[in-house]
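Letters go in sequence order (proteins before strands), and every chain restarts at 1.
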Amino acid sequence: MRFSLTTWNINSVRLRINLVAKFLKSARPDVLCLQETKCIDDAFPLKRFKRLGYEHVALNGQKGYHGVAVISKLPFETTDIRTFCDKIDSRHISVAFGEKAQLTKPLVLHNFYVPAGGDIPDPALNPKFEHKLKFLDEMKACEPLHPRGEDRHILVGDLNVAPHENDVWSHKQLLKVVSHTPIECEKLLAAQTYGEWIDVARERIPMSQKVYTWWSYRAADWTIGDRGRRLDHIWVSRALKESVTDFKITRDARSWERPSDHVPVTVTLEV
DNA sequence: ATGGTAGAAACTCTA
């Protein structure tokens with residue numbers, strides 16, 4: 001069975017619901033994982049998704065900030081929410097697909113919104129950066145994020161770190177910029193390695209090639225110099241490594257009217 | 001420790 005999944009930091013789902021609808025009508029992924037929905041669950045535009053054929057929704061929203069959602073054509077067996085760093089921030093939700101979705105073997109999906117970390121890349125001076133580093137450490141230590149053997153797990157989201165040199169437009173110029181400092185890159189890669197996750201983008205695209213999923217709003221024209229970063233990630237467990245059949249970054253979405261600063265990232269698997 | 005823009009919400013925070 002073909003299974004496709006998109007992750008997208010939407011930067012307010014209510015403001016950009018028409019862009020989401022445009023994307024879903026054209027790409028038709030089975031599952032959409034959103035980050036930065038920025039609304040409480042009662043304000044989530046559920047009906048619009050149902051009309052688009054996405055009847056199953058798992059929400060972890062909060063007022064004004066953060067917020068993650070899983071929107072699906074396929075039903076879930078279970079959903080779960082985890083907290084990190086003893087904060088109630090809405091930064092994680094997971095769902096499991098199984099028999100109800102006609103899957104013979106279970107598939108577990110984690111959707112993350114890792115703290116951005118503020119501007120100053122020093123945990124002693126900047127509590128937001130300290131929080132980000134601690135969050136990454138807790139992701140590494142989190143037992144449910146350690147798929148083993150035949151476990152079919154997927155981890156997606158805005159991880160707010162561009163870990164490799166060609167995940168940013170200028171490695172040298174971004175070494176002291178939060179999202180690409182050595183310490184956070186090390187911590188993200190440590191979580192990835194310890195959990196034996198496969199980074200789908202870098203499995204499909206050579207390390208020597210620049211890959212971005214985010215372009216700052218703070219540029220008059222985002223296309224000038226192509227100053228992007230790869231902040232949005234799709235990781236799969238080893239049991240799914242050979243199941244990936246396609247990977248796509250919808251770069252066009254950055255040019256849509258009133259866009260998010262992130263674009264959709266989609267994986268297709270044969271499960 | 002430049003400033004630039006964007007969103008939610010409320011007169012400021014977060015990214």
Side-chain angles (χ1 to χ4, degrees), chain A residues 7-20 23 33-45 48 59-69 83-92 111-136 139 156-163 167-170 172-185 187-188 212-233 253-265:
Chain A
T7 179
W8 193 7
N9 178 322
I10 196 61
N11 188 17
S12 173
V13 66
R14 288 178 296 172
L15 188 72
R16 279 182 248 287
I17 186 63
N18 289 337
L19 292 190
V20 178
F23 175 79
C33 292
L34 295 177
Q35 304 88 32
E36 280 206 272
T37 53
K38 290 188 173 178
C39 66
I40 58 170
D41 295 350
D42 285 348
F44 196 88
R48 192 71 189 277
L59 298 175
N60 179 12
Q62 74 182 78
K63 189 178 181 182
Y65 306 104
H66 322 314
V68 289
T83 56
F84 293 80
C85 306
D86 299 318
K87 285 177 185 272
I88 53 154
D89 286 3
S90 295
R91 297 186 179 276
H92 168 268
N111 179 16
F112 271 97
Y113 176 50
V114 172
D119 289 333
I120 305 158
D122 182 341
L125 297 176
N126 174 8
K128 294 199 198 93
F129 193 63
E130 183 187 29
H131 176 212
K132 182 180 198 176
L133 298 181
K134 187 157 180 268
F135 193 101
L136 293 169
M139 281 179 76
V156 306
D158 176 4
L159 304 186
N160 264 317
V161 180
D167 292 340
V168 293
W169 63 276
S170 168
K172 277 190 179 175
Q173 286 179 255
L174 287 167
L175 275 170
K176 291 180 180 176
V177 173
V178 171
S179 73
H180 192 63
T181 64
I183 186 159
E184 57 193 305
C185 295
K187 287 183 184 294
L188 184 77
Y212 313 134
T213 65
W214 173 92
W215 292 262
S216 174
Y217 283 127
R218 299 175 185 180
D221 181 343
W222 73 278
T223 63
I224 292 173
D226 195 19
R227 296 185 168 194
R229 305 178 201 169
R230 185 170 73 101
L231 303 180
D232 304 276
H233 299 265
R254 189 63 179 78
S255 296
W256 294 352
E257 196 179 342
R258 286 197 86 181
S260 169
D261 43 356
H262 297 253
V263 298
V265 181

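Protein atom CG of Asp89(A) is 8 Å distant from nucleotide atom P of dA15(B), rounded to whole Å. Distance CD (Glu36(A)) to P (dG7(B)): 11 Å, rounded to an integer number of Å. Here dA6(B) presents its C1' atom at 17 Å from CG of Asp221(A), a figure rounded to the nearest Å. Computed from coordinates, the Arg254(A) CZ to dT5(B) P distance equals 13 Å when rounded to whole Å. For the pair Leu125(A) CG and dA1(B) C1', the interatomic distance rounds to 9 Å; values are reported in whole Å. Remark: P of dA8(B) and CG of Asn9(A) are 12 Å apart, rounded to the nearest angstrom. Note: CD1 (Ile40(A)) to C1' (dA8(B)) measures 13 Å, nearest angstrom. The distance from atom CH2 of Trp222(A) to atom P of dT5(B) is 18 Å, rounded to the nearest whole Å.
Distance alone, capped at 3.5 Å, is enough to place a donor-acceptor pair between the Asn126(A) side chain and the Gly117(A) backbone.
Within the 4.0 angstrom heavy-atom criterion, no nucleotide atom of any strand lies near Asp119(A). Among the heavy atoms of the strands lying under 4.0 Å from Leu15(A) are primed sugar atoms or P, OP1, OP2 only; no base atom is included. Across all strands, Tyr113(A) comes closer than 4.0 Å only to sugar-phosphate atoms, never to a base (heavy-atom distances). When heavy atoms are screened at a 4.0 angstrom cut-off, Arg229(A) is found touching no nucleic acid atom at all.
Ranked by how close their nearest DNA chain B nucleotide is to the 5' end, Lys38(A) and Asp158(A) are led by Lys38(A). The nearest heavy atom of DNA chain B to Gly64(A) and to Ala220(A) marks one nucleotide each, and the one closer to the 5' end goes with Ala220(A).
Classification of the Trp222(A)-Trp215(A) ring pair by plane angle, with boundaries at 30° and 60°, yields perpendicular. Between Phe135(A) and Phe112(A), the angle of the ring planes goes over 60°, which puts this pair in the perpendicular group of the 30/60° scheme.
With rounding to the nearest 0.5 Å, the separation of NE2 in His262(A) from CG in Asn160(A) is 6.0 Å.
The gap from the C1' atom of dG4(B) to that of dA9(B) amounts to 22 Å, rounded to the nearest Å. Between the P atoms of dT5(B) and dA1(B), the separation comes to 23 Å (whole Å).
Within the 4.0 Å cut-off from OP1 or OP2 of dG4(B), not a single side-chain nitrogen or oxygen of Arg227(A) is found. Not one side-chain nitrogen or oxygen of Arg16(A) sits closer than 4.0 Å to the OP1 or OP2 atom of dA6(B). The phosphate of dT14(B) has neither OP1 nor OP2 within less than 4.0 Å of any side-chain N or O from Lys63(A). OP1 or OP2 of dG7(B) has at least one side-chain nitrogen or oxygen of Arg258(A) nearer than 4.0 Å.
Under 4.0 Å is where a charged nitrogen must lie from a carboxylate oxygen, and between Arg91(A) and Asp89(A) at least one such pair does.
On a pure distance criterion of 3.5 Å, a polar donor-acceptor pair joins the side chain of Arg218(A) and the base of dA15(B).
You'll find that the side chain of Lys128(A) is closest to dA15(B), out of dA15(B), dG7(B), dA9(B). Of the candidate nucleotides dA15(B), dA1(B), dA8(B), dA1(B) has the atom lying nearest to any side-chain atom of Ile120(A).
Test Val13(A), Asn11(A), Leu15(A) against Lys38(A) for side chain to side chain contact (heavy atoms under 4.5 Å, CB included) and you get one pass: Asn11(A).
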